[in-house]
Amino acid sequence: MKASKLILKLLLSIVYIGIMVILMVGCYYLYKEKQKITPWSEAENVEEYSYLDISKMSEKFAFDEENNVGIHFAIEIEKTGVWHTYLVAINENEYEDYKAIIDYTYGRTTKVPDKKRVYGYPVIIDEETKDLAIKNINSFLPKDNQVEINKDNYETYLTNSFLDTTKERKSEFNILLCTCMVLILVVALLLIMTLIDKPIKNK
């Protein structure tokens with residue numbers, strides 16, 4: 001094999017390997033971005049899979065009997081001690097998983113439970129549920145922290161949605177990630193073809 005052809009193959013191989021490395025790094029970051037779970041307080045749309053760390057939780061104040069889903073008030077406490085109240089929908093078959101936090105919230109036990117992290121998707125609240133939340137919120141909040149919540153200021157205190165933990169995480173097709181993987185395979189084939197290329201011998 002001529003030295004010039006060997007050098008060309010070597011250069012092509014280096015270029016192909018470099019392209020593959022870049023594509024693989026891109027795939028990794030695309031995958032990490034796809035797997036990212038947004039804190040509930042930062043969720044901006046109903047497509048963002050989110051989590052909430054519950055420190056206190058009410059009994060259900062609204063109930064979807066057909067799907068056995070209850071909506072509860074939940075308090076998330078930051079490391080600074082600041083707390084926020086949100087709405088969470090859970091499958092009532094899983095009530096026992098939340099019972100320790102609910103019992104502590106209502107003073108049925110003095111044992112402080114561990115925070116419970118829950119995952120789900122935001123769901124825009126309907127008017128009926130909003131009315132029930134307004135009606136029941138002050139029976140959940142500490143008396144020294146109660147505020148007058150109405151339809152005009154509702155979203156300021158409780159946002160316009162609730163975290164639905166009954167929704168399983170969606171497995172969405174990512175065209176960009178798929179394209180990168182296809183390109184990696186194509187470049188890998190080009191690399192193999194370059195490495196095994198042999199000159200055609202004349203008979």
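- With a 6.0 Å cutoff to the six-membered ring centre and a 45° limit on the axis angle, Lys151 does not count as a cation-pi contact of Tyr154.
- Between Lys99 and Glu96 there is no salt bridge, since none of the side-chain N atoms of the basic residue sits less than 4.0 Å from a carboxylate O of the acidic one.
- Panel note: side chain Thr105, backbone Met57; a donor-acceptor pair is recorded below 3.5 Å.
- Remark: Asp53 engages Arg117 in a salt bridge, criterion side-chain N to carboxylate O under 4.0 Å.
- By the criterion of side-chain heavy atoms lying less than 4.5 angstrom apart, applied directly or through intervening Ile, Leu, Val, Met, Phe, Trp or Tyr residues, Val187 is grouped together with Met24 in one hydrophobic cluster.
- The CG atom of Asn68 sits 10.5 Å away from the OG1 atom of Thr166 when rounded to the nearest 0.5 Å.
- No hydrogens or angles considered: a donor-acceptor pair under 3.5 Å links the side chains of Thr129 and Asp126.
- A continuous path of ILVMFWY side-chain contacts below 4.5 Å connects Tyr157 to Phe61, so both sit in one hydrophobic cluster.
- Separating the OG1 atom in Thr85 from the CD atom in Glu76 is a distance of 10.5 Å, to the nearest 0.5 Å.
- Going from atom CD1 of Ile101 over to atom CD1 of Ile54 covers 6.0 Å, rounded to the nearest 0.5 Å.
- The shortest distance between side-chain heavy atoms of Thr159 and Glu155 does not fall below 4.5 Å.
- Distance CD1/Ile77 to CH2/Trp83: 8.5 Å, rounded to 0.5 Å.
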Q.
Under the criterion side-chain hydrogen bond (donor to acceptor under 3.5 Å, both in side chains), I'd like the reasoning laid out for Tyr95 against Glu59: C-alpha separation, chi angles, the key distance, then a yes or no.
A. CA-CA 9 Å; Tyr95 177 85; Glu59 298 284 4; 3.0 Å; yes
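- Using cut-offs of 30° and 60° for the angle between ring planes, the Tyr119 and Tyr49 rings count as parallel.
- Clustering ILVMFWY residues whenever any of their side-chain heavy atoms sit less than 4.5 angstrom apart, transitively, puts Leu189 in a cluster other than the one holding Leu191.
- A donor-acceptor pair is defined here as one N or O able to donate and one able to accept, closer than 3.5 Å; no such pair exists between the side chain of Ser58 and the backbone of His72.
- With rounding to the nearest 0.5 Å, the separation of OG1 in Thr165 from CG in Leu52 is 10.0 Å.
- Under a 4.0 Å N-O distance rule, the pair Lys115/Glu78 does not qualify as a salt bridge.
- Asp103 and Lys111 are not joined by a salt bridge, as no carboxylate oxygen comes within less than 4.0 angstrom of a charged side-chain nitrogen.
- Listed for the Asp131 side chain is no donor-acceptor partner under 3.5 Å among the backbone atoms of Ile134.
- The closest donor-acceptor contact from the side chain of Asn136 to the backbone of Ala133 lies at 3.5 Å or more, if one exists at all.
- Rounding to the nearest 0.5 angstrom, the gap separating the OH atom in Tyr86 from the CG atom in Leu163 is 10.5 Å.
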